[in-house]
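Structure, as structure tokens:
Chain letters run A, B, ... following the sequence lines, proteins first, then strands; residues in each count from 1.
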Amino acid sequence: MKSKPFTLTILDIVSLILLGISTYLALVFAPTEAVMGQVQRVFYFHVATAWVGMLGFIAAGLTGIAYLRSGNLKWDHIEVAAVEISLVFFFLAIVLGAIWARPVWNTWWTWDPRLTTAAITELIYIAYFMLRQGIEDPERRARFGAVYTLIGAVSVPITFMAIRLFRTIHPVVIGTPSAEAQGGFNMTGDMKTAFFFALFAFTIIFIDLFWNRIRLGELADQVEQLKLKIMR
Amino acid sequence: MSFLTPPPDTSGYMIAGYAIAFGVMLLYVISLAVRFRSLQQDLMTLQDLDETKS
């Protein structure tokens, strides 16, 4: 295995710094929201983690297409990396949303269209790993994964649009909220700074983790190939 | 006299949210590092085996 690229080491450090700055902006720089109080600060990481979660699921769908077109297993490693990281971030988005909802909606969870579609998306990708484990042949597994992520990616725009298409209590931060929305607020200039910086920071963190996870997949493949060579 | 009521104290939820966010991210990074180290050890063992075999 090649040693860690210098650019990746730099990216690791930059990601840590950006995470620190984003935390400062969210917890200190942004003003306290007048109605919800401190819990509103969870919103900055909630949206940012949801954004990178969706980004990875879409990236997995695109790598699925790349695999189906080329048949090159490297796309399968990239796809697995994208799904794994997105599962972690999307899980965080759901948990942070539940924590925000408790004092604002007076409940941890409700079967609202946005929450339901988000939970379905997370379950679709948990099932992806469970189903992959049942397939021994690497090429069949990759083909199945590619088709699955391609179909699974449809759940992402549905989840994104759920609060814009259906009657929902989930607030819309950018765009027109539904009349039933609860917990919405108008962002001040400082809130917008914290919000957009969090989106930027988490995108860089996602790229960094994605690269590291792809390297892990390549190493696993190398080990697998060597095992097969020795067993022959 | 102010007519504005102070916001409710929801700082406990905020702390819980950020603690979980950092905790989960840290656990994921640790899991990546552990898996990487374990695979590197496997690779070295297999390379030794391959050399003795050939």
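Contact count against chain A (heavy-atom pairs under 4.5 Å) is highest for Asp50(B) among Asp50(B), Val24(B), Ile20(B). Highest contact tally toward chain A, considering only Pro8(B), Ala16(B), Gly12(B), Ser11(B), is held by Pro8(B) [criterion: heavy-atom pairs under 4.5 Å]. For the set Thr49(A), Thr23(A), Ile99(A), the count of heavy-atom pairs under 4.5 angstrom toward chain B peaks at Ile99(A). Counting heavy-atom pairs closer than 4.5 Å to chain B, the top residue among Val88(A), Asn212(A), Val95(A) is Val88(A).
Salt bridge Arg35(B)/Glu84(A): present, at least one basic N to carboxylate O contact under 4.0 Å.
Interface remark: Val42(A) contributes backbone and side-chain atoms alike to the contact with chain B (heavy atom separation under 4.5 Å). Heavy-atom distances place no part of Ile205(A) under 4.5 Å from chain B, backbone and side chain included. For Tyr13(B), the parts lying under 4.5 angstrom from a heavy atom of chain A are both the backbone and the side chain. Contact annotation for Ile230(A): both backbone and side-chain heavy atoms come within less than 4.5 Å of a heavy atom of chain B. Residue Ala34(A) touches chain B through its backbone alone, counting heavy-atom pairs closer than 4.5 Å.
Within a 6.0 Å radius of NZ in Lys229(A), other residues, nucleotides and ligands contribute 12 heavy atoms or fewer.
Between Trp105(A) and His170(A), the angle of the ring planes goes over 60°, which puts this pair in the perpendicular group of the 30/60° scheme.
At least one side-chain heavy atom of Phe45(A) sits under 4.5 Å from a side-chain heavy atom of Phe22(B). A heavy-atom distance below 4.5 Å is not found between the side chains of Lys4(A) and Phe36(B).
Between Phe197(A) and Tyr44(A), a ring centre-to-centre spacing not shorter than 6.0 Å is recorded. Centroid-to-centroid, the aromatic rings of Phe90(A) and Phe57(A) come within less than 6.0 Å.
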